[in-house]
Amino acid sequence: MKTLSIYVHIPFCVKKCNYCDFLSGVADRQKQEEYMQVLLKEIAMESVKYKDYCVMSVYIGGGTPSVVLPERIRDVMETVRASYLLDKDAEISIEVNPGTVDREALSLYREAGINRLSIGLQSTDDGELQLLGRVHTYEDFLETYKYAWEAGFTNINIDIMTALPGQTLDNYGETLKRMLVLRPRPSHFSAYGLIVEEGTPFYELYGREKAEMERTGDKQEHLPSEEEECKMYELTRQILQTAGYQRYEISNYSFPGWECKHNLVYWKRGNYAGFGLGASSLVENTRFRNVSNLKEYCERDCKVAEEIFLSPKEQMEEFMFLGLRMVQGVQKEVFQKEFGVTMDEVYGNVIGENVKKGLLTDGASVALTEKGLDVANFVMAQFLL
């Protein structure tokens, strides 16, 4: 039987963070409830397309899914179970932010069958959290973390951020050290570098500074330099690997066997169906995306705004571009089985040049070296034919 992963988008937040360009925003309870009813209907109705699939993972993301009534999250899981064949060992994740969940909500999530939490901490420094526009403090995180374990969650990811305005290597190191004194320890960390995106408050504050840094290579007033950012990534690797975590993707670390199964589906180009506002899907090499206007989503019978069948060339590009995000890289045997040609026939020159530069390893698999991981976007872009 074919496999499928499900993504459920809940686009609501208590407050939009200063760096966030995700499809999310603030809405009152009435608007949230209206959206959730439409979302549940979409999940159920679309199931007719996936009768031949077994669902291996479910990911409820946002936004901040924990701002809606916890009963609605339970309704999502009940609808998935009633409408799809859900594997008994499926990984079922939900994103939560500290301060938006209490002990009762977390217990309800667990009772609904959710078995993995992703907690958006970002920093243990309250000043940095305030700068980011987060609505919680470090103490709020510690309380949420305690409640999560009391509710029975043993698979917990924590999001942290690097290269924040004014952040020093010492400040960032303190966040890492505080994470490692947590008991029990988290099973997973995602460590992302700040990207100053257009259309965000941070772009108004730091956009020109970022552009000037990229143009001249000089350190500016607020943002850490590229060299400092690289040192933060290296510090992440050193501290987490010493503590027993393995880096299995550019920005992700876990204890062995605790990798995020849902994200691995994305990087390996497995089948996934996205439900909710602006949600994207990839099923049998066809990409489709839902409408991104909330009013239109709630009123329109057909939610799909765009559908594209990927050409063999586009499929190969995605195979390489996404697969190289994983530390294990991409297997040549799998590539040949998938596309009927060898990887060397298509990408031999690109691979050879980057091996010479010390950015790729070449064997049964092609993978980024430690040096290559530091300039991953530069290397991966070369596989876009």
Side-chain angles (χ1 to χ4, degrees), residues 1-13 22-24 27 29-96 105 108-118 260-263 265-266 270-284 286-307:
M1 178 172 278
K2 293 180 287 189
T3 61
L4 180 75
S5 290
I6 287 176
Y7 174 76
V8 179
H9 189 61
I10 299 178
F12 306 118
C13 300
F22 294 159
L23 188 56
S24 60
R29 184 65 74 194
Q30 180 178 345
K31 181 60 68 175
Q32 292 177 17
E33 289 288 284
E34 177 186 353
Y35 174 84
M36 292 304 297
Q37 293 308 311
V38 175
L39 175 64
L40 293 171
K41 183 179 178 181
E42 182 195 6
I43 294 170
M45 291 184 65
E46 290 296 304
S47 66
V48 296
K49 301 176 182 177
Y50 304 110
K51 294 303 182 184
D52 297 330
Y53 293 80
C54 180
V55 175
M56 308 303 292
S57 69
V58 179
Y59 195 101
I60 304 171
T64 308
S66 49
V67 303
V68 303
L69 292 172
E71 290 80 9
R72 299 295 86 79
I73 301 299
R74 179 186 60 198
D75 292 344
V76 167
M77 290 310 306
E78 288 179 351
T79 302
V80 169
R81 282 197 171 83
S83 307
Y84 298 81
L85 175 60
L86 185 64
D87 187 83
K88 64 181 180 64
D89 296 321
E91 176 192 86
I92 305 173
S93 306
I94 187 170
E95 294 177 350
V96 302
L108 193 150
Y109 295 163
R110 193 69 192 90
E111 291 167 9
I114 296 171
N115 52 33
R116 184 177 183 274
L117 285 184
S118 183
C260 179
K261 295 177 182 177
H262 187 85
N263 284 343
V265 171
Y266 293 153
N271 295 313
Y272 58 90
F275 303 117
L277 185 70
S280 296
S281 305
L282 174 66
V283 180
E284 309 304 341
T286 298
R287 286 200 176 277
F288 45 100
R289 177 181 55 81
N290 278 357
V291 295
S292 56
N293 178 277
L294 183 60
K295 185 175 185 293
E296 187 179 4
Y297 173 82
C298 290
E299 295 178 354
R300 181 172 170 173
D301 289 334
C302 177
K303 310 301 181 191
V304 175
E306 181 182 45
E307 184 170 336

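Quick note: numbers below take in every heavy atom, side chains included, and nothing from hydrogens, waters or symmetry partners. Counting begins at 1 with the first residue of the sequence. Computed from a prediction, not measured in an experiment: that's the story for all the values here.
Contact annotation: the side chain of Lys31 approaches that of Leu294 to within less than 4.5 Å [non-hydrogen atoms, C-beta and beyond]. Side-chain contact between Lys41 and Thr79: absent, with no pair of heavy atoms (C-beta onward) separated by less than 4.5 Å. Side-chain contact between His262 and Met56: absent, with no pair of heavy atoms (C-beta onward) separated by less than 4.5 Å. With a 4.5 Å cut-off on side-chain heavy atoms, Cys13 and Ser24 count as touching. No side-chain heavy atom of Phe288 sits less than 4.5 Å from a side-chain heavy atom of Leu282. Residues Asp52 and Met1 fail the side-chain proximity criterion, which asks for heavy atoms closer than 4.5 Å. For the pair Tyr50/Leu85, no side-chain contact is recorded, criterion being any heavy-atom separation below 4.5 Å from C-beta on. Here the side chains of Cys298 and Glu34 are in contact, with some heavy-atom distance below 4.5 Å.
The minimum heavy-atom distance linking Ala90 with Asn115 is given by the pair O-ND2, 2.9 Å. Contact detail for Ser5 and Val265: the closest heavy-atom pair is OG-CG2, 3.3 Å. When every heavy atom of Ala273 is checked against every heavy atom of Leu4, the shortest pair comes out as N-CD1, 3.9 Å. Of all heavy-atom pairs between Val67 and Gln32, the closest is O-OE1, 3.5 Å.
Between the side chain of Asn290 and the main chain of Cys302, no donor-acceptor pair closer than 3.5 Å is present. For Glu95 (side chain) and Gly62 (main-chain N/O), a donor-acceptor pair under 3.5 Å exists by modelled atom type. Ser83 places no side-chain N or O within donor-acceptor distance of the main-chain N or O of Val80, the cut-off being under 3.5 Å. With hydrogens and angles ignored, the 3.5 Å screen pairs a side-chain donor or acceptor of Ser281 with a backbone N or O of Gly274.
Ion pairing between Arg74 and Glu71 fails under the 4.0 Å rule for side-chain N and carboxylate O. For Glu306 and Arg289, the salt-bridge test passes: some basic side-chain N is under 4.0 Å from an acidic carboxylate O. Between Arg81 and Glu78 there is no salt bridge, since none of the side-chain N atoms of the basic residue sits less than 4.0 Å from a carboxylate O of the acidic one. Contact check on Lys303 versus Glu46 returns no salt bridge, with no Lys/Arg side-chain nitrogen under 4.0 Å from an Asp/Glu carboxylate oxygen. At a threshold of 4.0 Å, the pair Glu33-Arg29 does not count as salt-bridged, since none of the basic side-chain nitrogens sits closer than that to a carboxylate oxygen.
To the nearest 0.5 Å, atom CG of residue Asn263 and atom OG of residue Ser93 are 8.0 Å apart. One distance of note links CG of Asp89 with OG of Ser57; it measures 12.5 Å at 0.5 Å rounding. Here Glu42 contributes atom CD and Leu40 contributes atom CG; the two are 10.0 Å apart, rounded to the nearest 0.5 Å. Remark: Ile60 CD1 to Tyr109 OH distance equals 8.5 Å, nearest 0.5 Å. Atom CG of residue Leu277 and atom CG of residue Leu39 lie 10.0 Å apart, to the nearest 0.5 angstrom.
Within a 6.0 Å sphere centred on CD of Glu284, other residues, nucleotides and ligands contribute more than 12 heavy atoms. Within a 6.0 Å radius of NZ in Lys51, more than 12 heavy atoms belonging to other residues, nucleotides or ligands are found.
For the residue pair Asp75/Gln37, the side-chain donor-acceptor check at 3.5 Å is not satisfied. With 3.5 Å as the limit, one finds no donor-acceptor pair spanning the side chains of Tyr59 and Glu91.
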Inset, instruction - Show your reasoning for whether side chain to side chain contact (heavy atoms under 4.5 Å, CB included) applies to Ile92 and Arg116. - result: CA-CA 6 Å; Ile92 305 173; Arg116 184 177 183 274; over 6 Å; no

Legend entry - side chain to side chain contact (heavy atoms under 4.5 Å, CB included) between Ile73 and Val68, worked out: CA-CA 8 Å; Ile73 301 299; Val68 303; 3.8 Å; yes

Inset, instruction - Give the C-alpha distance, both sets of side-chain angles, the deciding distance and a yes or no for side chain to side chain contact (heavy atoms under 4.5 Å, CB included) between Val58 and Leu86. - result: CA-CA 9 Å; Val58 179; Leu86 185 64; 4.0 Å; yes

Legend entry - Stepwise side chain to side chain contact (heavy atoms under 4.5 Å, CB included) check, Ile43 with Val76: CA-CA 8 Å; Ile43 294 170; Val76 167; 4.3 Å; yes

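If you look at Tyr84 and Tyr53, their ring centroids are not closer than 6.0 Å. Taking the six-membered ring wherever Trp is involved, the centroid distance between the rings of Tyr272 and Tyr266 falls below 6.0 Å.
Using cut-offs of 30° and 60° on the angle between ring planes, the pair Tyr35 and Phe12 is perpendicular.
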